[in-house]
2 protein chains.
Amino acid sequence: MNYYSIGEAATRLGIPESTIRFYEKQGLLPRMERDEAGRRIFTEDYLVFLKIILYLKNTQMPISQIRQYVDWMAEGDSTIALRLAMFQEHKQAVLAQIALMTESLQGIEKKIERYTNYLETNGKEVLS
Amino acid sequence: MNYYSIGEAATRLGIPESTIRFYEKQGLLPRMERDEAGRRIFTEDYLVFLKIILYLKNTQMPISQIRQYVDWMAEGDSTIALRLAMFQEHKQAVLAQIALMTESLQGIEKKIERYTNYLETNGKEVLS
DNA sequence: TCTTGACTTAAACCTTGGTTTAAGTCGTAT
DNA sequence: ATACGACTTAAACCAAGGTTTAAGTCAAGA
């Protein structure tokens, strides 16, 4: 199996090293392996796990809630129903967030149309 | 024309009064009218304008950039091309953000499937 | 007249999510 | 052997985006 340093992991994930250290301190990255010199070691599997964390972050899940998920993972399979419920609720929250952004974007697109029209007609169009 | 107090405006927009005051202090709400007692007065037109601000906020535009837009409005029609360019770039940023969330949501949905499967099969399915 | 509720302000406070700094430890190439 | 780059830590620092507090003004109803 291949191992990565924190620098390599950060590059592969597209995030700063400091963020990885911060997430570990926040309890999002438990059971992190170290080498004899105390340096963090990332396996492919660990990177896959970290990507899940980043999916949750990218969809605006708060760190406190991600930590809850990670804590449940550590408790074992008895918490799977809880994790499932959390993800299902989160999915709904994400869909709602996307819907809000899409709606708001429509209001912005109307502005783009107005401005475009104004410029195309050399200012002969009204700008309400 | 109908006039609204800050309390009524806040209720109609679904945000706290304190946020409206905060936005005004940040320069997002210029030329706010007041009554003789110094209380803010909101016309329908002003609420329409405020909704645009909320569209920008809902799509994660930073306050500093919203202020730039508001400042350009105050400068008049000579800044319309700048405003159009800003909104077009913002639209692309919003679409990128929606795309990222949609992608990340797919990773989360895979987890939902795995967990669902695990529970449906009473734990006979593997959880990688 | 007095109280109540809705408003006003400036300033202090708060949370979230990191980033930066300072001081130190390694392993490796010269 | 020494210098360099990559790592380590704890603690300080930061920005964004509000929220809360304290002290005061005012209009209207009892």
Side-chain angles (χ1 to χ4, degrees), chain A residues 2-43 46-47 50 52-70 90 93 97 100-101 104, chain B residues 2-43 46-47 50 52-70 90 93 97 100-101 104:
Chain A
N2 252 330
Y3 292 100
Y4 302 96
S5 67
I6 192 172
E8 291 162 338
T11 299
R12 295 198 59 198
L13 296 169
I15 58 176
E17 296 177 18
S18 63
T19 299
I20 296 178
R21 296 197 183 98
F22 172 70
Y23 285 175
E24 191 191 14
K25 207 170 353 182
Q26 294 303 305
L28 306 191
L29 307 179
R31 288 188 279 298
M32 179 85 80
E33 290 188 66
R34 305 285 182 131
D35 66 12
E36 321 74 42
R39 286 171 298 203
R40 291 169 186 83
I41 280 173
F42 297 77
T43 62
Y46 209 93
L47 289 186
L50 235 160
I52 305 276
I53 303 295
L54 294 181
Y55 291 154
L56 298 175
K57 186 207 101 180
N58 288 339
T59 52
Q60 328 284 341
M61 184 182 282
I63 283 181
S64 55
Q65 201 182 342
I66 300 179
R67 181 169 40 233
Q68 173 69 275
Y69 165 64
V70 167
H90 183 58
Q97 172 67 12
L100 176 63
M101 292 185 79
S104 300
Chain B
N2 251 330
Y3 293 100
Y4 302 95
S5 68
I6 191 172
E8 291 162 338
T11 299
R12 296 196 60 196
L13 296 169
I15 59 175
E17 296 178 17
S18 63
T19 299
I20 296 178
R21 296 197 184 97
F22 172 70
Y23 285 176
E24 191 191 14
K25 207 171 353 182
Q26 294 302 305
L28 307 191
L29 307 180
R31 288 186 280 297
M32 180 86 79
E33 289 188 68
R34 305 286 182 131
D35 67 11
E36 322 73 42
R39 286 172 298 205
R40 291 169 186 82
I41 280 173
F42 297 77
T43 62
Y46 208 93
L47 290 186
L50 236 161
I52 305 276
I53 302 295
L54 294 181
Y55 291 155
L56 298 176
K57 185 207 101 179
N58 288 338
T59 52
Q60 328 284 341
M61 184 182 283
I63 284 181
S64 54
Q65 201 182 341
I66 301 179
R67 180 169 42 233
Q68 173 69 274
Y69 164 64
V70 167
H90 184 58
Q97 172 68 12
L100 176 64
M101 293 184 77
S104 299

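Side chains included, hydrogens not; waters and symmetry mates left out as well; all remaining heavy atoms used. Proteins get letters first, then strands, A, B, ... in listed order; numbering begins at 1 in each.
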Heavy-atom side-chain proximity of B:R34 to B:R40 below 4.5 angstrom: yes
Under 4.0 Å from OP1 or OP2 of C:dC7: is there any side-chain N or O of B:S5 that close? yes
Interatomic distance, B:T59 atom OG1 to B:L54 atom CG [nearest 0.5 angstrom]: 10.5 Å
Below 4.5 Å, heavy atoms only, C-beta onward: do A:E8 and A:S5 meet side chain to side chain? yes
According to side chain to side chain donor-acceptor pair (under 3.5 Å), who are the partners of A:Y69, at least two apart in sequence or on a separate chain? B:Y115
Nearest-Å distance for atom pair CD/P, residues B:E17 and D:dT21: 15 Å
Output all residues satisfying ring pair (Phe, Tyr, Trp, His ring centres under 6.0 Å) with B:Y46, sequence neighbours left out; order by chain, then residue number. B:F49
Considering every strand and a 4.0 Å limit on heavy-atom distances, what is the contact class for A:T19: base, sugar-phosphate, or nothing? sugar-phosphate
Short heteroatom pairs, N/O only, protein and nucleotides 13-17 of chain C, under 3.5 Å:
unit_1, atom_1, unit_2, atom_2, d
C:dG17, OP2, A:I63, N, 3.4

To the nearest Å, how far apart are B:I6 CD1 and D:dT19 P? 12 Å
Taking N or O atoms only and anything under 3.5 Å, show me the protein contacts with nucleotides 22-28 of chain D, one pair per line.
none

Student check: side-chain heavy atoms of B:Y3 and B:D35 closer than 4.5 Å: no
Between C1' of D:dG17 and CG of B:L56, the distance in whole Å: 16 Å
Could you tell me which non-hydrogen atom of A:L28 sits nearest to which non-hydrogen atom of A:V70, and how far apart they are? O-CG2, 3.6 Å
Hey, are the side chains of B:Y23 and B:I66 touching, using non-hydrogen atoms and a 4.5 Å cut-off? no
Test item: B:Y4 and B:L13 side chains (from C-beta on) under 4.5 Å apart, heavy atoms: no
Given side chains that start at C-beta, do those of B:M101 and B:Q97 come closer than 4.5 Å, heavy atoms only? yes
Look for any protein N or O under 3.5 Å of an N or O in nucleotides 9-11 of chain D and output each such pair with its distance, or none.
unit_1, atom_1, unit_2, atom_2, d
D:dT9, OP1, A:R34, NH1, 3.1
D:dT9, OP1, A:R34, NH2, 3.1
D:dT9, OP2, A:R40, NH1, 3.1
D:dT9, OP2, A:R40, NH2, 2.6

Write down the distance between CD1 (B:I41) and P (C:dA6), rounded to a whole number of angstrom. 18 Å
In whole Å, what is the span from the OH atom of B:Y3 to the P atom of C:dC7? 17 Å
Round to a whole Å and report the spacing from CD1 of B:I66 to P of D:dA16. 13 Å
Sequence neighbours left out, what passes side chain to side chain donor-acceptor pair (under 3.5 Å) with A:R31? Give chain and number order. none
How many whole angstroms separate atom CD1 of A:I20 from atom C1' of C:dG18? 13 Å
What is the distance, to the nearest angstrom, from the CE atom on A:M32 to the P atom on D:dC7? 13 Å
